[in-house]
Student: 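Pasting a structure below so you can have a look.
As the structure lists them, so they are numbered: ligands from 1, and atoms in each ligand from 1. Along the sequence shown, the residues carry numbers beginning at 1. Since the model is a prediction, treat every value here as computed from it, not as a measurement.
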Amino acid sequence: MQLSIDLTGQHVLVTGAATAARQAIKRYESAGAVVFHLPVPAYLGPGAGLPARPFLVAAVDDGQPGWEPVLSRYRAAGVPVASEPAAGAAGHVTLVGGGPGSTDLLTLAALKALRDADVVFYDRLAPYQELPVLTTARLVDVGKKPGHHKVSQTDIQQLMVDAALAGNNVVRFKGGDPYVFGRGGEEVAACVAAGVKVQVISGVTSAISVPAAAGIPVTHREVSHMFTVVSGHAPLTADEHRHLTGLGGTIVVLMGIGTLHQLAAGLRQAGMRADMPMAVVERGYRPGQRTTFANLGTITSAAAGCSNPAVLVIGEVVRVAAANNGHAQATAEFDLLAASLLGS
Ligand code: SAH
């Protein structure tokens with residue numbers, strides 16, 4: 001996390017071994033401080049080029065014994081001593097689920113991993129705009145480069161592994177949850193194959209949270225006791241349409257805008273009712289969030305103007321949203337649709 005205080009020109013002494021202190025040093029430098037670094041627990045004072053009375057001592061807990069007398073000496077001189085977390089050991093990869101796009105939906109573990117990172121490879125479904133305030137790490141956009149094709153999955157994995165082998169704490173910052181259509185499994189496998197330590201921090205998946213942003217619970221007592229999360233990246237088979245229809249629960253489709261037409265036709269063909277409620281929730285938790293309510297028979301034309309990222313929800317739970325949120329999200333369009341869904 002960056003410091004939100006302006007320390008321009010102030011002398012700050014960071015204490016602690018280099019590896020543990022490297023991120024605290026960056027934090028204070030980026031807050032404008034003139035940073036001095038004391039890596040070993042010995043009072044070196046002015047003779048060694050360190051200020052006797054810095055503005056602040058930032059004491060990194062590096063696990064070495066012997067810091068207390070040094071810090072006491074500064075305290076006795078009236079210098080405030082702030083304790084700082086140590087940066088983690090270098091050279092590993094953490095896949096971090098970034099949630100659907102709002103920093104409010106990051107986990108504490110995600111924040112900690114970002115704070116400890118030296119380099120972050122991100123794509124654009126995660127709340128990437130906020131990264132500069134959450135980390136001092138080098139930020140690398142692997143989702144899209146202006147004027148370029150996006151970086152291939154193999155290249156992303158190579159970049160991560162190389163950065164970790166060079167001794168960096170690498171965060172791979174992904175939208176939603178790394179293991180839900182996020183290629184997290186492949187990235188873990190690439191790290192394991194290269195002998196790089198890797199861990200995964202779960203995130204809030206858009207499959208549940210984006211319907212929720214529109215007031216749609218994916219399960220609801222006596223309405224739906226299961227939900228199936230499907231990728232719409234490629235059209236489903238006739239068998240899959242039949243199985244989904246047979247389940248009778250909620251269907252949540254990610255990456256489904258491009259194949260919406262085939263999905264609606266396929267489910268109809270498999271016998272799903274034309275008046276089955278549906279919703280398309282675009283840009284959940286972001287500016288321009290929009291929900292389109294329709295039913296299976298009307299969705300193709302109702303959602304003609306919809307674009308990615310969007311989550312589709314099919315099932316009676318959509319009616320629950322209409323019942324619960326009619327007043328909370330009132331728009332003329334919503335009222336009309338809610339009324340038609342509730343009245344039918
Ligand atoms: N791992 C991610 C999903 C990656 S697939 C997760 O768990 O959420 C990308 C798809 O996720 C998008 O095409 C869209 O269907 C959905 N998605 C992700 N974020 C979204 C958002 N903020 N609003 C709407 N859909 C979103």
Side-chain angles (χ1 to χ4, degrees), residues 94-107 109-110 113 120-131 141-144 150-153 156-157 160 171-189 199-218 227-236 244 250-264 278-294 299 302-303 305-315 317-318 321 329:
T94 309
L95 307 192
V96 175
S102 156
T103 49
D104 285 350
L105 293 181
L106 287 174
T107 64
V120 176
F121 296 104
Y122 67 95
D123 40 42
R124 290 174 176 228
L125 281 174
Y128 68 93
Q129 293 100 330
E130 319 294 334
L131 282 174
D141 179 359
V142 291
K144 203 198 286 169
K150 66 180 217 163
V151 183
S152 77
Q153 185 63 28
I156 292 172
Q157 288 165 196
M160 282 166 34
V171 162
R172 174 75 176 104
F173 192 53
K174 308 172 76 71
D177 184 277
Y179 281 163
V180 179
F181 306 133
R183 308 193 76 165
E186 293 163 61
E187 294 177 3
V188 166
Q199 60 163 334
V200 178
I201 295 174
S202 299
V204 172
T205 181
S206 64
I208 297 170
S209 62
V210 170
I216 304 171
V218 290
F227 63 98
T228 308
V229 181
V230 180
S231 165
H233 184 65
L236 301 181
L244 283 175
T250 307
I251 304 169
V252 177
V253 187
L254 271 53
M255 300 176 278
I257 293 295
T259 53
L260 178 57
H261 178 78
Q262 286 107 311
L263 180 74
M278 272 192 80
V280 179
V281 189
E282 298 167 88
R283 298 176 293 276
Y285 301 92
R286 304 193 190 164
Q289 176 181 318
R290 175 172 77 160
T291 309
T292 303
F293 291 97
I299 192 68
C306 293
S307 57
N308 279 315
V311 172
L312 318 178
V313 189
I314 306 166
V317 288
V318 171
Q329 298 187 4

Student: Taking the side chain as every heavy atom from C-beta outward, state whether I208 and F227 have any pair of such atoms under 4.5 Å apart.
Tutor: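 Side-chain contact under 4.5 Å: yes.
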Student: So for G175, does at least one of its heavy atoms come nearer than 4.0 angstrom to any atom of ligand 1?
Tutor: yes
Student: Regarding ligand 1, does G284 bring an N or O atom to under 3.5 Å of one of the ligand's N or O atoms?
Tutor: yes
Student: Check for me whether F181 has a heavy atom closer than 4.0 Å to any atom of ligand 1.
Tutor: yes
Student: Can you tell which of V120, L95, I201, L125 makes a side-chain contact (heavy atoms from CB on, under 4.5 Å) with F173?
Tutor: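 Single side-chain contact (heavy atoms from CB on, under 4.5 Å) partner of F173 among V120, L95, I201, L125: V120.
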Student: Between atom CG of N308 and atom CE of M255, what is the distance when rounded to the nearest 0.5 Å?
Tutor: 9.0 Å
Student: Flag A207 as yes when one of its N or O atoms lies below 3.5 Å from any N or O atom of ligand 1, and as no otherwise.
Tutor: no
Student: For ligand 1, find out whether one of its N or O atoms is nearer than 3.5 Å to an N or O atom of V180.
Tutor: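 It does: an N or O of V180 is found under 3.5 Å from an N or O of ligand 1.
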Student: Quick one: nearest non-hydrogen protein atom to atom 14 (C) of ligand 1, plus distance?
Tutor: A310 O, 3.4 Å
Student: In ligand 1, which numbered atoms sit nearer than 4.0 Å to a non-hydrogen atom of D177?
Tutor: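 Within the 4.0 Å cut-off of D177, ligand 1 contributes 1 (N), 6 (C), 7 (O).
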Student: Specify side chain, backbone, both or neither for L254, according to which of its non-hydrogen atoms lie closer than 4.0 Å to ligand 1.
Tutor: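 Near ligand 1, L254 shows its backbone as well as its side chain.
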Student: Heavy-atom distance under 4.5 Å between the side chains of R286 and P127, does that happen here?
Tutor: no
Student: With only distance considered, is V253 within less than 3.5 Å of ligand 1 through an N or O on each side?
Tutor: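 No: no nitrogen or oxygen of V253 is under 3.5 Å from one in ligand 1.
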Student: Please report the interatomic distance NE2(H233) to CG(L254), rounded to the nearest 0.5 Å.
Tutor: 12.5 Å
Student: Where on T205 is there a heavy atom closer than 4.0 Å to ligand 1, on the side chain, on the backbone, on both, or on neither?
Tutor: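 It is both backbone and side chain that touch ligand 1.
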Student: Could you find the nearest protein heavy atom to atom 26 (C) of ligand 1 and give me its residue, atom name and distance?
Tutor: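 Result: P309 CB, 3.7 Å.
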Student: Less than 4.5 Å apart, any side-chain heavy atom of V142 and any of R172?
Tutor: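 Yes, close enough: below the 4.5 Å cut-off.
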Student: Show which atoms of ligand 1 fall inside a sub-4.0 Å distance from at least one heavy-atom site of V311.
Tutor: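 That gives atoms 25 (N) of ligand 1.
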Student: Using distance alone, decide if ligand 1 has a nitrogen or oxygen within less than 3.5 Å of any nitrogen or oxygen in P100.
Tutor: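 Yes, P100 has an N/O under 3.5 Å of an N/O on ligand 1.
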Student: Can you pull out the closest protein heavy atom to atom 9 (C) of ligand 1? Residue, atom name and distance to 0.1 Å, please.
Tutor: L125 CD1, 3.4 Å
Student: About how many Å separate NE2 of H261 and CD1 of I299, when rounded to the nearest 0.5 Å?
Tutor: 13.0 Å
Student: To the closest 0.5 Å, what do you measure between CD (Q157) and CZ (F121)?
Tutor: 12.0 Å
Student: Any side-chain heavy atom of D141 within less than 4.5 Å of one from R124?
Tutor: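 A side-chain contact under 4.5 Å exists here.
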Student: What part of P178 sits under 4.0 Å from ligand 1 if we count only heavy atoms: the side chain, the backbone, both or neither?
Tutor: neither
Student: What protein heavy atom lies closest to atom 13 (O) of ligand 1? Include the residue and the distance to one decimal.
Tutor: M255 CG, 3.2 Å
Student: Quick one: look at R283 and ligand 1, take heavy-atom pairs under 4.0 Å, and tell me if it's side chain, backbone, both or neither.
Tutor: backbone
Student: Counting C-beta onward and ignoring hydrogens, is there a side-chain heavy-atom pair between I257 and V280 closer than 4.5 Å?
Tutor: yes
Student: Suppose I only count heavy atoms of R286 and a 4.0 Å limit; which atoms of ligand 1 are within that range?
Tutor: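 Reading through ligand 1 atom by atom, the close ones are 22 (N).
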Student: So how far is it from E130 CD to Y128 OH, rounded to the nearest 0.5 Å?
Tutor: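 Result: 10.0 Å between the selected atoms.
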Student: Atom CG of L244 and atom CG of L263: how far apart are they, to the nearest 0.5 Å?
Tutor: 7.5 Å
Student: Compute the shortest N/O to N/O distance between S206 and ligand 1 and return yes if it is under 3.5 Å, no if not.
Tutor: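 So ligand 1 has an N or O lying under 3.5 Å from an N or O of S206.
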